[in-house]
Amino acid sequence: MVGDVDAQFGEQSGGDAGGQSGLDLVVGQGEPQRVGRFRYFLDGQRWEWSDAVARMHGYEPGAVQPTTELLLQHKHPEDRPQVAAVLDRVGHGEPFSSRHRIIDAGGRTHWVIVVGDRMLDDTGTVIGTAGFYTDVTEALQSDVSTAVSEVAESRAIIEQAKGVLMVAYSISADRAFDILVWRSQETNVKVRDLAARFLSALSGKLPPGVLSDIDHTLLTLE
């Protein structure tokens with residue numbers, strides 16, 4: 001529940017810098033471009049954005065007057081039905097939370113988490129909704145990059161193990177992979193982990209004669 005309206009929106013209204021509102025305790029100081037506040041007043045269906053929320057949408061602070069129509073224009077087409085349902089709750093002063101995409105004025109897509117709660121006046125009457133936006137685009141991209149990196153690393157290890165089997169048994173890449181999969185199923189170990197263990201077990205254990213053959217072949221290739 002949002003109590004003192006001005007304090008909750010201190011970023012724009014210049015609330016008491018010495019205290020922390022309920023939203024401050026949630027978002028902390030944050031990074032100015034990553035977290036910002038909004039307010040929606042039932043009376044007049046009026047929106048207010050903090051500077052950070054305006055910039056998330058690609059505008060300089062004060063450059064536009066936010067409206068429900070403008071918000072919907074910036075929502076990703078695939079997410080608009082979901083956001084329309086959320087905005088209906090906002091229009092009734094109800095709490096909500098949503099993760100969706102917005103497209104800023106420059107055409108860039110942002111993933112945002114938006115959380116809102118009832119905004120009350122001094123008498124406890126619901127007068128609107130107040131909450132915050134958090135831009136999580138970089139965090140999601142980082143997760144994707146990490147996943148891609150892990151896949152690439154796993155693939156490299158598997159390829160190395162396949163290469164060893166291909167040379168040892170004079171077989172194709174597909175057959176070498178079949179062997180790894182077979183052993184993976186027999187040992188109940190993931191293919192990537194099995195490949196890593198296989199390579200680790202072989203490391204430093206090739207007979208001197210094999211190493212000499214490898215050296216000779218490598219150095220005499222033309």
Side-chain angles (χ1 to χ4, degrees), residues 23 25-31 33-36 56 74-86 89 95-104 107-117 131-222:
L23 290 178
L25 293 174
V26 175
V27 304
Q29 297 303 310
E31 296 183 38
Q33 301 304 311
R34 307 279 176 82
V35 182
M56 284 180 201
H74 280 284
K75 305 308 179 185
H76 191 284
E78 295 177 4
D79 296 341
R80 281 176 189 159
Q82 167 199 340
V83 175
V86 170
R89 300 190 67 180
F96 72 91
S97 64
S98 174
R99 187 176 79 167
H100 57 267
R101 289 163 290 182
I102 62 174
I103 301 174
D104 68 22
R108 295 174 293 272
T109 300
H110 303 256
W111 276 98
V112 296
I113 294 175
V114 187
V115 178
D117 201 352
F132 62 90
Y133 277 72
T134 303
D135 189 329
V136 296
T137 307
E138 288 190 11
L140 291 176
Q141 289 175 339
S142 176
D143 289 344
V144 171
S145 297
T146 299
V148 170
S149 176
E150 290 175 352
V151 168
E153 180 182 352
S154 296
R155 182 175 297 169
I157 291 172
I158 293 171
E159 290 300 319
Q160 290 177 48
K162 283 168 55 180
V164 172
L165 293 175
M166 290 166 65
V167 171
Y169 299 135
S170 298
I171 56 178
S172 69
D174 287 343
R175 295 293 77 76
F177 186 66
D178 288 343
I179 291 172
L180 291 175
V181 171
W182 165 67
R183 285 299 291 151
S184 169
Q185 294 171 342
E186 289 242 319
T187 58
N188 197 29
V189 175
K190 292 180 179 179
V191 174
R192 188 265 187 199
D193 294 337
L194 179 80
R197 294 182 189 181
F198 174 59
L199 293 172
S200 177
L202 283 178
S203 180
K205 292 185 178 180
L206 290 180
V210 173
L211 288 175
S212 296
D213 288 342
I214 292 174
D215 294 341
H216 176 74
T217 302
L218 179 65
L219 295 174
T220 57
L221 285 175
E222 294 183 359

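Remember, it's a predicted structure, so these values are computed and weren't measured experimentally. In what follows, residues are counted from 1 in the order of the sequence shown.
In terms of heavy atoms, Tyr169 sits closest to Ile179 at CD1-CD1, 4.2 Å. The two residues Ala176 and Lys162 come nearest to each other via the heavy atoms CB-O, 3.7 Å.
Note that CD of Gln82 is 12.0 Å distant from NE2 of His76, once rounded to the nearest 0.5 Å. Distance check, rounded to the nearest 0.5 Å: CG of Leu180 to CZ of Arg175 gives 12.0 Å. Atom OG of Ser200 sits about 10.5 Å away from atom CD1 of Ile157, to the nearest 0.5 Å. Interatomic distance, CG of Asp117 versus CZ of Phe96, reported as 9.5 Å (0.5 Å rounding). Rounding to the nearest 0.5 angstrom, the gap separating the CZ atom in Arg197 from the CG atom in Asp193 is 6.0 Å. Arg99 CZ to Thr134 OG1: the interatomic distance, rounded to the nearest 0.5 Å, is 12.0 Å.
Within the 3.5 Å criterion, the main-chain N or O of Val115 finds no donor-acceptor partner in the side chain of Ser97.
Salt-bridge annotation for Lys75 and Asp79: absent, with no side-chain N of the basic residue lying under 4.0 Å from a carboxylate O of the acidic one.
Looking only at side-chain heavy atoms (C-beta outward), His110 and Asp104 come within less than 4.5 Å of each other. Ile113 is not listed as a side-chain neighbour of Asp135, based on a closest heavy-atom distance of 4.5 Å or more. Proximity of Arg192 to Arg155: side-chain heavy atoms (C-beta onward) are nowhere separated by under 4.5 Å. Side-chain contact between Ile158 and Val191: present, with at least one pair of heavy atoms (C-beta onward) separated by less than 4.5 Å. Residues Arg108 and Ile103 form no side-chain contact, since every pair of their non-hydrogen atoms from C-beta on lies 4.5 Å or further apart. Considering only heavy atoms from C-beta on, Ile102 stays 4.5 Å or farther from Thr109 through its side chain. The closest side-chain heavy-atom distance from Val164 to Phe198 is below 4.5 Å.
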Side chain to side chain contact (heavy atoms under 4.5 Å, CB included) between Leu165 and Phe177, worked out: CA-CA 9 Å; Leu165 293 175; Phe177 186 66; over 6 Å; no
